[in-house]
K.L.:
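The structure under discussion is supplied below as structure tokens; questions concerning it will follow.
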Amino acid sequence: MTARLFRTAGLALLLLALPAGAKEPPKKAEPVAQEGIEVPKPPFSDGIFPCTGCHDGKQLKVDTKRRELAMHSEIELKHGPESRWCLDCHDANSRDSLHLASGEKVEFTASYKLCGQCHGDKFRDWRVGIHGKRTGSWNGQKQYLLCVNCHNPHSPRFAALKPMPPPTRPEAIQTKKGGAR
Amino acid sequence: MTDSKHTFHLDSNQQASSGCGLDRRDFLGAGVAAVATALTGCGTLSKEEFLQHNFQELTKEEVLSVIARLEKEYKAKYGKDVKVGTTPAMPGVIFGYALDLSRCIGCRRCVHACVKENNQSRSPEVQWIRVLQLDKEEGVNLQHADQYYNPAEVPEEGHFYMPVQCQQCKKPPCVKVCPVGATWREKDGITVVDYNWCIGCRYCMAACPYGARHFNWGEPNLPPDQVNTDTHYLGNRPRPKGVVEKCTFCVQRTRKGLYPACVEICPTGSRKFGNLLDKTSEIRYVLENKRVFKLKEELNTQPNFFYFYGV
């Protein structure tokens, strides 16, 4: 008896909810299908990839203990170094890929998924084309950049640039006969 | 009956004038050319150029002949085939622009990409984008703006950067003051200048609250090897001396579906561009989801250029 009552109530609720659901404004447009995103190749240092060139499990044994590395000394970790180290992102058993917190493997070409785990707000903006650079056509095909094309994953702050020349001050404009006055 | 009489009169007139060996049209043309030469103080202005009407009033054939004449002139001047386009506004499009103040680092890549794309004078260099360095403590306070900053590296501590260019107003004061109607707002929201109709009075420059219009005080110095040959009549075609010019959102690019040059170059991705009427466009996403403001909103110029904070 009680079960039937519940079922009826549930059905009524469902019926009530249905038209309301239909009236809801359409979901915020997700202009790009996540898997359809065209991204360039990750900017590897010369000769570094594939990682399995050295990390093939034979020459180098897998050591998952957190430590100072003898190799890769050029990498300075400025990305929350207290709480993070190499194998949090790089996969110990499959060196040519990365892995998410869940252990799921992610290719270097889809590293944005890895970044998006923590930087969800930026990831969301990037997918709709607000965070990061897009080139191409405003009403058609667009080219994206991977997060790592602008942010070095080991030191993600956008690098400072030399500014291009400032405008000429009016008093510094040379007078020329027949030219600028 | 009256018609035939009228025709007869015309005919007799023509016969009369051809009788003297010079018809009325030729006579007037030569006279006008002489006056033109006298008025402008130089002999470079052709009769056709002097007699050309406002671009908005030209018929299709007249447009074609104007374009042919311009292309010939540019060929002679720069030794290059400069294509002068007249692509009209796309239907159902109003362009909008959004600039992320939390990302811009003031590197001026946009300023120089713009000069290159739009055939501005190189010396003195005319720049359509002005990047202001502002104090973080002061916020958007133009009293504290510096456009001549030049450190070794940007961004500088305690500062943020605000590029200012034409805001493509819905109520453009520059258009309102033009005494000759040489500047107007196109259907896609871009304010353009007919350089052949502009008289160089610079009222528009005085009226623009954004300093977005620039005057060619001298003959624009554009080296032939730096000419961008893909141009638009109302946009980046090489300009003569004595006319006002301004940002057109790269009309020659955007009407073909491309991003403006400043969007294309920005290394930080601060610049967003798209169709305000398209619900799925990036620009609409910014307007609907970010903190957005308009520069000098209190003046009611109603810009289609927005600043936002992407953080």
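Chain letters run A, B, ... following the sequence lines, proteins first and then strands; every chain starts at 1. Remember, predicted model here, so these are calculated numbers, not experimental data.
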K.L.:
Are there residues of residues 255-265 of chain B whose heavy atoms fall under 4.5 Å of chain A's heavy atoms? If so, which?
P.N.:
B:Gly257, B:Leu258, B:Tyr259, B:Val263, B:Glu264, B:Ile265
K.L.:
Does B:Glu125 reach the side chain of A:Pro167, with side-chain heavy atoms less than 4.5 Å apart?
P.N.:
no
K.L.:
Any donor and acceptor pair, going by atom type alone, linking the side chain of B:His112 with main-chain N or O of A:Pro165 inside 3.5 Å?
P.N.:
yes
K.L.:
Could you check whether atom CZ of A:Arg66 has more than 12 heavy atoms from other residues, nucleotides or ligands sitting under 6.0 Å from it?
P.N.:
yes
K.L.:
Please classify the contact of B:Pro151 with chain A as side chain, backbone, both or neither, using a heavy-atom distance under 4.5 Å.
P.N.:
both
K.L.:
Got A:Lys142 and B:Glu282 here, is their nearest side-chain heavy-atom distance under 4.5 Å?
P.N.:
yes
K.L.:
Under the side-chain contact (heavy atoms from CB on, under 4.5 Å) criterion, do A:Asn139 and B:Asn275 qualify, and how do the steps go?
P.N.:
CA-CA 8 Å; A:Asn139 59 357; B:Asn275 181 5; over 6 Å; no
K.L.:
Tell me, do A:Phe158 and B:Pro267 make a side-chain contact under 4.5 Å, heavy atoms counted?
P.N.:
yes
K.L.:
Would you say A:Glu68 has more than 12 foreign heavy atoms packed within less than 6.0 Å of its CD?
P.N.:
no
K.L.:
Which region of B:Val93, side chain (C-beta onward) or backbone (N, CA, C, O), has a non-hydrogen atom less than 4.5 Å from a non-hydrogen atom of chain A, or is it both or neither?
P.N.:
side chain
K.L.:
Quick check for you: among A:Gly136, A:Cys150, A:Gly132, A:Gly140, which has the greatest number of heavy-atom pairs under 4.5 Å with chain B?
P.N.:
A:Gly136
K.L.:
Measuring only between side-chain heavy atoms, which start at C-beta, is B:Val154 closer than 4.5 Å to A:Lys162?
P.N.:
no
K.L.:
Are A:Asp125 and B:Lys290 side-chain neighbours, meaning at least one heavy-atom pair lies under 4.5 Å?
P.N.:
yes
K.L.:
Are any non-hydrogen side-chain atoms of A:Ile130 and B:Phe308 less than 4.5 angstrom apart?
P.N.:
yes
K.L.:
Please identify which of these residues, B:Gln147, B:Gln133, B:Gln127, B:Arg108, meets the side chain to side chain contact (heavy atoms under 4.5 Å, CB included) condition with A:Pro166.
P.N.:
B:Arg108
K.L.:
In terms of heavy-atom proximity below 4.5 Å to chain A, should B:Arg103 be classed as side chain, backbone, both, or neither?
P.N.:
side chain
K.L.:
I want to check something: taking the side chain as every heavy atom from C-beta on, are B:Pro124 and A:Thr168 in contact at a cut-off of under 4.5 Å?
P.N.:
no
K.L.:
Look at the side chain of B:Lys272 and the backbone N and O of A:Gly129, then say whether any donor-acceptor pair between them is shorter than 3.5 Å.
P.N.:
yes
K.L.:
Would you mind checking which part of B:Thr254 comes under 4.5 Å of any heavy atom in chain A, side chain (CB onward), backbone (N, CA, C, O), both or neither?
P.N.:
both
